[in-house]
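One structure is given here, and the rest of the page talks about it.
Position 1 is the first residue of the sequence; numbering continues from there.
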Amino acid sequence: MIYLYDGTIEGLFTVIFNAYKVLEEVDSISKRVSQVNSNKERIKCPTEEDKALRVKKSIIKNFSYSFYESVLRVFAVPSEKKELAIARTLKKLYLHGFYYLESDDKDVKDFKNLLDRVSGEINSYKSLRFEEKKGLLFAKFQPQNDILFFVYRHFKNKLANKSFVIADFRRNKAVIYNGQEGKFFEFEMSEDMKSTDAFFDLWLSFYDEVAPDKRKFDREGMGDMQRSYWSHMANMPGARRREVK
């Protein structure tokens with residue numbers, strides 16, 4: 001039995017809600033139809049926000065917000081094991097109690113291994129190097145895991161009210177923080193962005209457009225912003241199409 005979902009954490013929580021009683025019989029939870037064995041029964045599971053929210057609240061209530069964060073971290077790993085590891089670990093903790101997390105159960109071990117993997121990378125980028133131009137800090141990186149949100153949150157606290165941009169060049173997405181709130185976007189790579197000065201100018205122009213009330217940048221010497229590069233996105237764990245504080 002294979003469940004197909006949209007690849008979001010809300011979609012996975014919907015699968016967990018709908019398939020809870022039969023999770024032991026589920027062979028895979030996947031967002032890629034092409035990888036699914038056609039001999040298995042396929043069940044398409046559309047995302048239902050109300051069910052996803054119930055699962056989220058249940059995790060926080062029965063375990064802790066910290067453990068909910070661990071679930072989000074595991075979800076950030078590009079592994080085909082992550083969905084089943086999350087789903088089955090959650091069910092086993094509900095059945096046996098939170099201390100079952102210390103067991104040698106295979107699903108629990110998969111969950112913990114993925115958590116260690118992503119947490120280690122998040123910690124390694126807490127010393128990410130920024131460059132400054134015209135009062136705005138820039139950093140770019142290429143993490144193995146989808147950790148932009150976690151790295152952003154770390155520097156939001158560390159850099160206090162400073163404005164910054166962090167770009168994930170592996171996934172072509174970035175966050176712009178204006179000292180008060182963050183906006184997540186996706187972008188398309190271009191030849192212009194391979195030049196450090198052009199990279200800075202492009203981000204300065206874009207920052208000025210998305211946060212005009214926070215500050216104005218000196219446009220002298222800036223290249224024209226190529227708006228076709230950008231489209232709004234909020235692709236962060238646990239959130240959709242919204243600004244984050």
Side-chain angles (χ1 to χ4, degrees), residues 1-119 122 144-150 171 184 233-242 244:
M1 184 187 308
I2 297 168
Y3 275 80
L4 303 176
Y5 79 118
D6 65 0
T8 66
I9 189 65
E10 293 87 357
L12 177 59
F13 283 171
T14 303
V15 172
I16 292 172
F17 186 97
N18 289 343
Y20 184 80
K21 293 182 179 179
V22 296
L23 280 175
E24 295 81 3
E25 302 170 22
V26 175
D27 298 290
S28 176
I29 302 173
S30 176
K31 63 178 180 179
R32 302 179 184 179
V33 179
S34 60
Q35 293 185 353
V36 173
N37 187 331
S38 59
N39 294 326
K40 302 285 186 179
E41 178 186 5
R42 295 187 296 177
I43 300 173
K44 293 183 179 180
C45 188
T47 297
E48 298 180 64
E49 297 289 346
D50 57 333
K51 292 180 179 179
L53 183 60
R54 288 176 64 180
V55 172
K56 173 184 174 179
K57 288 182 175 179
S58 177
I59 294 171
I60 296 171
K61 178 181 178 181
N62 287 282
F63 306 123
S64 67
Y65 189 86
S66 176
F67 183 69
Y68 168 69
E69 290 261 327
S70 294
V71 171
L72 298 185
R73 287 190 174 206
V74 172
F75 189 74
V77 180
S79 168
E80 294 180 3
K81 293 182 178 181
K82 69 181 182 183
E83 290 91 351
L84 276 182
I86 291 171
R88 290 179 176 170
T89 294
L90 281 174
K91 181 168 184 178
K92 289 170 182 177
L93 295 187
Y94 280 120
L95 292 175
H96 304 293
F98 189 69
Y99 288 104
Y100 194 72
L101 200 58
E102 302 303 319
S103 73
D104 289 328
D105 181 275
K106 180 185 180 303
D107 296 313
V108 172
K109 289 174 69 176
D110 284 344
F111 180 92
K112 292 169 66 177
N113 287 338
L114 293 173
L115 180 59
D116 288 344
R117 170 175 153 187
V118 67
S119 296
I122 291 170
Q144 294 295 320
N145 302 292
D146 191 3
I147 59 173
L148 178 61
F149 169 68
F150 302 102
R171 294 167 185 81
F184 286 76
M233 182 185 87
N235 185 15
M236 52 177 280
R240 284 182 170 191
R241 300 190 64 78
R242 72 182 185 199
V244 293

Which residues pass the ring pair (Phe, Tyr, Trp, His ring centres under 6.0 Å) test with Phe98, not counting sequence neighbours? Phe63, Phe67

Closest non-hydrogen atom pair between Ala85 and Asp110, with its separation: CB-CB, 4.1 Å

Just by modelled atom types, is the Asp107 backbone N or O under 3.5 Å from a matching donor or acceptor in the Thr89 side chain? yes

Tell me the closest heavy-atom pair linking Leu93 and Leu101, and the distance in Å. CD2-N, 3.6 Å

Are the side chain of Arg171 and the backbone of Asn145 linked by a donor-acceptor contact shorter than 3.5 Å? yes

Rounded to the nearest 0.5 Å, how far apart are OH of Tyr94 and CD1 of Ile59? 5.0 Å

Just how far is it from atom CG of Leu53 to atom CZ of Phe17, taken to the nearest 0.5 Å? 11.0 Å

Could you give the distance from CG (Leu72) to CD1 (Ile147), rounded to the nearest 0.5 Å? 14.0 Å

Roughly how far apart are Lys31 NZ and Leu4 CG, rounded to 0.5 Å? 12.5 Å

To the closest 0.5 Å, what do you measure between NZ (Lys92) and OG (Ser103)? 8.0 Å

In Å, rounded to the nearest 0.5 Å, how long is the span from CZ of Arg73 to CG of Leu114? 13.5 Å

Any idea which heavy atoms bring Gly11 and Asp6 closest together, and the distance? CA-OD1, 3.5 Å

Without swapping roles, check the side chain of Lys82 against the backbone of Phe75 for a donor-acceptor pair under 3.5 Å. yes

Heavy atoms only: give me the nearest Val22-Lys91 pair and the separation to one decimal. N-NZ, 4.4 Å

Side chains of Glu83 and Tyr5: do they bring a donor and an acceptor to under 3.5 Å? yes

Are more than 12 heavy atoms, taken from residues, nucleotides or ligands other than Lys81, located less than 6.0 Å from that residue's NZ atom? no

So Phe111 and Leu90, do their side chains get closer than 4.5 Å, heavy atoms only? no

Just by modelled atom types, is the Glu10 backbone N or O under 3.5 Å from a matching donor or acceptor in the Thr14 side chain? yes

Are Ile86 and Ile16 side-chain neighbours, meaning at least one heavy-atom pair lies under 4.5 Å? yes

Kindly indicate whether the side chain of Asp105, heavy atoms from C-beta on, has any atom under 4.5 Å from the side chain of Arg88. no

Non-hydrogen atoms of Asn18 and Cys45 that approach each other most closely: ND2-SG, 3.4 Å

